[in-house]
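Everything numeric in this text was worked out from a predicted model, so none of it was measured. Residue numbers run from 1 in the order of the sequence given. Order of listing sets the numbers, starting from 1, for every ligand and every atom in it.
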Amino acid sequence: MATRLGLVCIAASLIGSPALAEDLLVRTQAAYSAALEQAEPGDTIILANGEWRDFDMVVLGNGRADAPLTVTAQQAGKVFLTGQSSLRMGGEHLVVSNLVFKDGYSPRGETVSYRVSDAVLASNSRVTGVVIDGFSKPDRYESDYWVGIYGRNNRFDHNHLSGKSNKGVTLAVRLNSEESRENNHRIDHNYFGPRATLGSNGGETLRIGTSAYSMFNANTVVERNVFDRTSGEVEIISSKSGGNVFRENVFLRAKGNLTLRHGDNNVVERNVFLGDGQDYTGGIRVINRGQTVRQNYMEGLRGAAFSSALAVMNGVPNSPVNRYVEVEGARISNNTIVDSAAIGFGIGADEERSARPSNSTFTANLLGGADAGPFVEAFDDMSGIAFANNRVIQGQVDAALPGLPVAPAELQRAGNGLLYPVAAELASIGAPSDLAPVALAEVGAPYYPKAEEREPFGFAGKTTRVYPGGTSLFDAIAQACAGEVLLLTPGDYVLDRTIALDKPLTLRGDAADTADRPVIRFSRPSLIELREGGDLQLQNLVIDGELAPDSVGNAVIRTSTFPIQSNIDIELDGVDVRGLNVNKSFHVLALGKSSLADRVKITGSSFTDISGAVVLAAAETEDYGQYNVDYLDISGSSFTDIGGPIANIYRGGRDESTFGPNVTITGNTLTNVGSAATNGTGASINLHGVQIADVSGNAVRASAPLRVVHTVGTPKTSIRGNVFTGTPEPVLEELNFGGAFRAEMSGNVAGGGVQ
Ligand code: CA
C-alpha cells in the first residue's frame, strides 16, 4: 500500500497481517484529521514530538481485535496537549497512548472521553500511558471530569492523573445509557496522584455510576492502582452501581475512604490502606446489600465517623435511590485494621437513618486501635451482624458489641511490609500473608515522574538579604524564586505597590531582639494580593497600616479576584500587626470567594488597633458546603482593640462530604475584641459549621462572646480552660441536631466563677 495522502510513512510492521499496517507520522491537527480519515485497522497515527495547542482531538474509527487503530506519541513524554485541548474516542478497538495533557484545561465537560457524542461511544478500547497533570479549570467550582468512561469492555491502565483542583470527579465511569452498563471495564495500574482537599462535595477521585442508575450493574474491575494523597473529599472512591470489584489497590496517606455509596453486590478485597497517621485517612464505608469486604489491610488511619477505617452505616427504611439503602447480607472477613482511630457500626444513625444492618457477618478480623481509648463503636443495635473469630489487640470496644474479644498480641512486619501476628493460633485471623502491595514503580505512565512531597516554605534552600530603601523589598519579591527566604535587615520598608504573590515565599526579619524587627508600611489598600501559586510565610516582622488609604475592603493580605486553583498556605510567626484603623473594616487576612487555604497558622504574634477581622474566611455564603480555610491554628498570640472577630469562619449547608474546617485557638489573650458596631457576627471568635474546634487556654477580657454554630455531621467542639472576664458566656447553637449543644466544655472561668 502506498503512503496515503503523502503522509510520512516512517515504518511498516505487522508482517503477515491481511493489510500492511502503517505508521503515519503527523505534525499538524489538519494532517492528523486527514490521517484518521484514511486510517485502517492496524494503523498507528503518530503525533510528532512537541506542543499540540488547543487540540480538539477526536479518535473516531474502528480497529479489529487483532489489529487495533492506534494513536500515540512519537516519543513518550514528548507530546503535550496544552491550552484548550481534549480527547474524544468513538468506535471499536481503539488505543490511545503516551500523550501528556498539561498547561491548560478542557473546554468540554471531560478531558478524555470514551465517547464522541451521546450516540457514539467507544468500546473494546484502551487508554494507556496518558498523563493528565494539573489540567484543571481555573475556577475551582466549575465542574468537569478528567476522564469519562462509557461503552463496554474498555481498559484504562498505566495512566497518571495528578493535581486536579477544580470540582468534579477525576475519573467517572458512566452508566447513563444501556450500552454503558454491565460494562466489564478494567481500570488498572494507574497512578492517581495528589488531589488537594476541595473544600466541597465533588472532590471524588473515582466514581462508578450515579444514584439514578445505581440499580444497574457496572461490573467494573478496579485493580492494582495507587491512590496517593487523593484527599479531595470524604469519598476517594464512590461506587454507585452493582457488581464492581476493587482489588489490590493501595491508598497512601489519602483522606477519605472507598465508599460503597449506592448499588449492591460489590467486592472490596486485598486492598492496602496506609494512613501514616495523617488526619482523616480512612478505609472502607459500607452501605447497601450484598457487599463483600475481605482480606484488606489498613494501618495508621486516623479518620473517624464517615472516614473511619471501617464504617458500616445505618440505612433509611425503603430508601430513595439517592439516600442510604440499608446494609443487608454484608460479608466482612479477614481484614486487618491496626494502629487506626475508629471502626464504627451503625454510623449515621439518626431519625431518618434508622434501618440497622441485617443478615450480615463479621468474622476473623484482626483489629487494633491507635491507642487504648475508644476504638470500635456502635451507634445502634447491631444484633443483625454475627460477630465471630475476631480479635481486638488494642483499644476499647463498645460494650454492646459481642464477639470482639480484646487481648494484646505481638505483631511483626513481614517481607511485604505489612504487620502480622506472631502467634501461630492467630494465623487465620486478619489479612492473608500473600498480599503483595502494588509498588509506585508499577503504576502510572512509566516515563512520567510522580509528585514529590515538599515543605511548604523555604524549600528552595536560598536566602537573600534585603536592605531598607527605595523599592528594595518589592524588587526582591519580584525576583525571588519559589521557596526562597528574604531576610529583612532591621529598618523601615515602604511599599507603594501591592505585591501580587504567585509563589511560595518567606519574609523574615533578621533580628534577635523583638524591638529591632523590620517595619513594613504600605500605601495601597493591600500589602499582598495572593494569586495562583502564592503561599506566604511572615516571621519576626512588624506590619503597620498607618499609610494605607481609606478604601472598601482593606486587608493586609487578601486573595485575588482572579481564580486561584491551588490551595493556599499562610503562616505568621512573631509578627506584630498594628494600626489597621483608617476605616471601619480593615482586615489582616481576607480569603475571598473560590479560594481555599489548606492552612492558616498564627503563632507568637500580636495584633493591635485593628478595625476589622484578623482572619476572615466567610466568603462562601450560599450554603453549598463550601468554605475558605481547611485548618486554622492560632496560638500564643495577643489581640488588643480588634473591632471584628479574630477568626470568622463560615461553612454553611447540609452537605456531609468535606473534612473541615478544623480550627484550633489555644493560649491566646483577647482584650476588647469584637465589639465594633460593624462586626455583624457579634462575636470575638465566630465558628459556623466548623467540624473540629478546639478553643482552650485563652484569656478573654472585655470582649464579645465566643460563638459556635453546628450545622451537620458529627462536629467535635472542645472549649476548655478559658478565662472569660467581662465577656458574655459563649453563644452555642445547633442548627439541625435535636439535642443539647454537643461540646466538651470544662474548666472555663467567668468573672471569678466557674462556667
Ligand atoms: Ca461526594
- Task: Please report the shortest heavy-atom distance between N265 and Q291, naming the atom on each side.
- Result: N-OE1, 3.4 Å

- Message: Counting neighbours of NZ on K601 that are heavy atoms of other residues, nucleotides or ligands and sit closer than 6.0 Å, is the number greater than 12?
- Response: no

- Evaluate whether atom OH of Y624 has more than 12 neighbouring non-hydrogen atoms of other residues, nucleotides or ligands under 6.0 angstrom away. no

- Charged N to carboxylate O under 4.0 angstrom, D279 versus K255? no

- Item | Donor-acceptor side-chain pairing of N219 and N184 below 3.5 angstrom | no

- What protein N/O/S atoms sit under 3.0 Å from the Ca ion (ligand 1), by chain and number? N201 OD1, E204 OE2, E233 OE1, E233 OE2, E235 OE1

- Query: Where do K450 and D228 land on the salt bridge (Lys or Arg N to Asp or Glu O under 4.0 Å) test, with the steps shown first?
  - Reply: CA-CA 10 Å; K450 297 181 175 69; D228 180 10; over 6 Å; no

